[in-house]
Amino acid sequence: MNDFAPSENRLPPLLEVQHLSVSVARGAGWQPLVRDVGFRLDGGLSALVGESGSGKSMTARALLGLTSPGCRIDAATLSLRGQELRTASPAQWARLRGCHLGLVQQDPRYALNPVRSVSWQVEEGLRLHQRGLGRAERRERVAAILSAVGLDPVRRLLDAYPHELSGGMGQRVMLAASLICEPELLIADEPTSALDASLRDQILDLIARLAAERRMTVLVISHDLPLVARYCGQVLVMRNGELLETLPADRLAEATHPYTRMLWRCQPSAATYGQMLPVMDEGEWQ
Amino acid sequence: MIRRFPPCQRARRAAGALASLLLTLFGLLLFTFLLAHLAPIDPALQVVGDHASEASYAAARHGLGLDQSLPRQFVHYVWRLMHGDLGISRSTGQPVASDLLQAFPATLELATVAMLGGGLGGLGLALLAARHPGGWSDRLARVIAIFGYSVPIFWLGLIGLLLFYARWHWAAGPGRVDDIFLYTRPAGSGLLLFDSLRAGDGELLRNVIAHLWLPATVLALNSLAGVARVMRAALLEELHKEYVTGARARGSGEWRIVCRHVLPNTAGMLVTVLALSYASLLEGAVLTETVFAWPGIGRYLTTALFAADTPAILGATLVIGLCFVLLNMLADVLARLLDPRTR
Amino acid sequence: MNDSIETLAATAPRRADSSGGRRLPRSLLLGGGMAVLLLALALSAPWLAPYDPNLQQLGARLLPPSALYPFGTDGFGRDVFSRVLFGVRPTLLLVSIVVLLTMPFGLAVGIVAGMAGGWVETLLMRATDLVLALPKLVLALALVATLGPGGVKGALALALTAWPVYARQARAETRLLRNSDYLAAARMLDIRGLRLCFGHVLPMCLPTAVVRAALDLGGMILAIAGLGFLGLGVQPPTAEWGAMVADGSAVIFDQWWVAMAPGCAILLASLAFNLLGDGLRDWLDPRHE
């Protein structure tokens, strides 16, 4: 489902990032965690891949303005449909998040509020961004979005608490909560890492389908290159806080950068059974 | 697939909690009983005097049940307690139980008002600190908490009386009401705020408040410190969790996050610290009531201490201990109830 | 063989290995400094005090603070400043008695419970919870009232109900340690039973116990002063802060200085140990920040 098509209208791109850096205060100075990252998102699914510690989650948080207080974000451009985000006030960020920007986190066991019911958490976006709705209408929309993510909106589910849900259900509830206000950009931070292999495809399939239905741009953060390559049109490869390469997913097999090639080739499969998987040779590139 | 705890497991836990409570109460009773028998003062001698004859002394011992074996005496003790018999006070000559019943509402009123003030104040301070971690409100909360924790309550009461009563006349003197009202106050629950409101007596109400606010504030400071300290730590710890990021990502503002997302997660902690605070308030009341001549259980205890009135001492200890234990148990139960993970 | 044991010992669970490089929190420095000052005052009171604390000068009763008497004089003409200085001694002494009794006993109960497991653990923990649920000050009052007043008796009475916190903490930590590689290595060297408990488990439980002790000391000082206020602590004529406040309470409205100075002393001493405890806890367990 490679849906990467450049935007045909003359609107500014949905998300434009240029020279984004995130640094954390260390002693007297700043230690950079993410250096000079730049990309553009405008429709379809894109993947941001890299090892643990490559800075991909930090980049994703920076896009939402959700880095921890000790971090500093510098960028030449960080704009959403032309609106500059670097200078946004906390009130403006609160309006943008949930309504135009969505986030799906990794583990529903921790990312959902343990003492609030499923319906309360899914409904929250409506209470924050669409104040005019009545209770009945809100309930309708909650039921609708839960159905859209593949859950049956029965009373038992609505009143359930996060610890009573299985991993897949929790993930879908998180999706529902993020999508209820129909954001234009959804950032999925390792949406499948906490799930069993059988569920991973289901969830990514669901995200891809919802993105197509709602004309939503999605950025999937992951360390599993082969998995996201099946669903995403554009792939961004990060390592050590730097963006190494940006390329369309269908050209991954012919990647030129040695790191990307290694990431692509080291997927275990029936073909590689019994062989040693390739590892990174630091001397190959600088 | 939605998982819930089976009801039989819940029943088993409730039974376990009840067993714990009974065991603790048993321990308390044993303690007071043994104390009564360890006292160097011979109770029979106290009744008949030093110059009594052998016969009357033996009769007194028999009357008090002291010639029976220790375990039998304990059984009698518990039996009497279950009938509300705490013995006769040596100084007032009245049954200890009725003395305590009279004194109880005074302490109840003082402790409850102090609890409300301290609890609300402490919670407010903690919320402010959590909203601006590292800011001035955070530092202020820490300073107030540590001072409230370190100040000797009896001394604070004295200073309060010195300033607010003697120098500035903002508070009325010791006691619950001025003497004028002693004989005209309405009969009722003994909770004067309540009684005066019900009788519509504005003057009495004003007088009651004038007497109540200073000791209540002094008492409240300690619980304010405790609540602020615990809740600030709990709130700050919760703020690091993933679900807070999720709430922010959905567009929630910071105050909403603290009050509607994080605070419910700390409800168990809040209830526990409030219940424990109330319990320690009862202990603090012992000293505060002495300073303010407040006719509650605390003052009853200290008066009995000075008069070496053993039944009264033990009776008051038992009642305070009982309240303490029950409040601790309530804290446990409520904490468990409020966490949906253990429902 | 020695090599791997060394490595295992190095990987023993530790509270916060990063404590080496961290900055000492301000509260720790402040509290520690105040505590050291208190200790110094206790030791040097005879040289610092301008007058004998028990010297009664009936002609100089209830004098306000002046150059001659920095904190004024009390109802017996005794210099309040000297009495406050000498009052550090009973306070620190009694508090030390309480800690020296409760900490070892509580640790022992907790460690034995944690290591033994089974019905021993259940029994010990039930007893601990029982004592934990009882009101400390009131029980201590009752004890001292019936057995006779006295400073040491008061300290013993408080100690009787103060040990459960240590037991609970030690047991929780011991349970975590029970299955650790660190202890397994020791067992392989045939270190068993009491030697295992006190040579290997105890050092691991000590840091939290020390922090807990520091945190409790502040409250203990208040409790001892409270007993003194009610006349159940150190008996006159020995200078003790709580008793001094009680003396001052009779004349509080006109001669406020008699109660003011000893009360401030109690506040500062308790504050010192509370700060120390807070600082130690913040330093050793960064999660509490």
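Numbers restart at 1 for each chain; the letters A, B, ... are given by sequence-line order, proteins then strands.
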(message) Heavy atom to heavy atom, less than 4.5 Å: which residues from residues 55-68 of chain A reach chain B?
(response) A:Arg61, A:Leu66
Taking side chain as everything from C-beta outward and backbone as N, CA, C, O, which of these in [X] sits under 4.5 Å from a heavy atom of chain B? Side chain, backbone, both or neither.
X: A:Gln121; answer: both
X: A:Trp120; answer: side chain
X: A:Leu128; answer: side chain
X: A:Ala91; answer: neither

(message) Would you say that A:Met169 contacts A:Leu151 through its side chain, given a criterion of any heavy-atom pair below 4.5 Å between the two side chains?
(response) yes
(request) Could you name each residue pair satisfying salt bridge (Lys or Arg N to Asp or Glu O under 4.0 Å) that touches residues 243-271 of chain B, not counting sequence neighbours? (result) A:Glu124-B:Arg250, A:Glu124-B:Arg256, B:Arg248-B:Glu254
(request) Scan for salt bridge (Lys or Arg N to Asp or Glu O under 4.0 Å) pairs involving residues 263-285 of chain B, sequence neighbours excluded, and state none if there are none. (result) none
(request) Give a yes or no on whether the backbone of A:Leu80 and the side-chain of A:Gln83 come within a donor-acceptor separation of less than 3.5 Å. (result) no
(request) Tell me yes or no: between the side chains of B:Tyr243 and A:Gln105, is some donor less than 3.5 Å from an acceptor? (result) no
(request) Report the residues that fulfil side-chain contact (heavy atoms from CB on, under 4.5 Å) with A:Arg135, sequence neighbours left out, ordered by chain and then residue number. (result) A:Arg138, A:Arg139
(request) Using a strict 4.0 Å threshold on nitrogen-to-oxygen distance, state whether A:Asp74 and A:Arg86 make a salt bridge. (result) no
(message) With a 4.0 Å cut-off on N to O distance, would you call A:Arg155 and A:Asp159 a salt bridge?
(response) yes
(message) Please identify, among B:Ala267, B:Gly251, B:Gly253, the residue contributing the most non-hydrogen atom pairs under 4.5 Å to chain A.
(response) B:Gly251
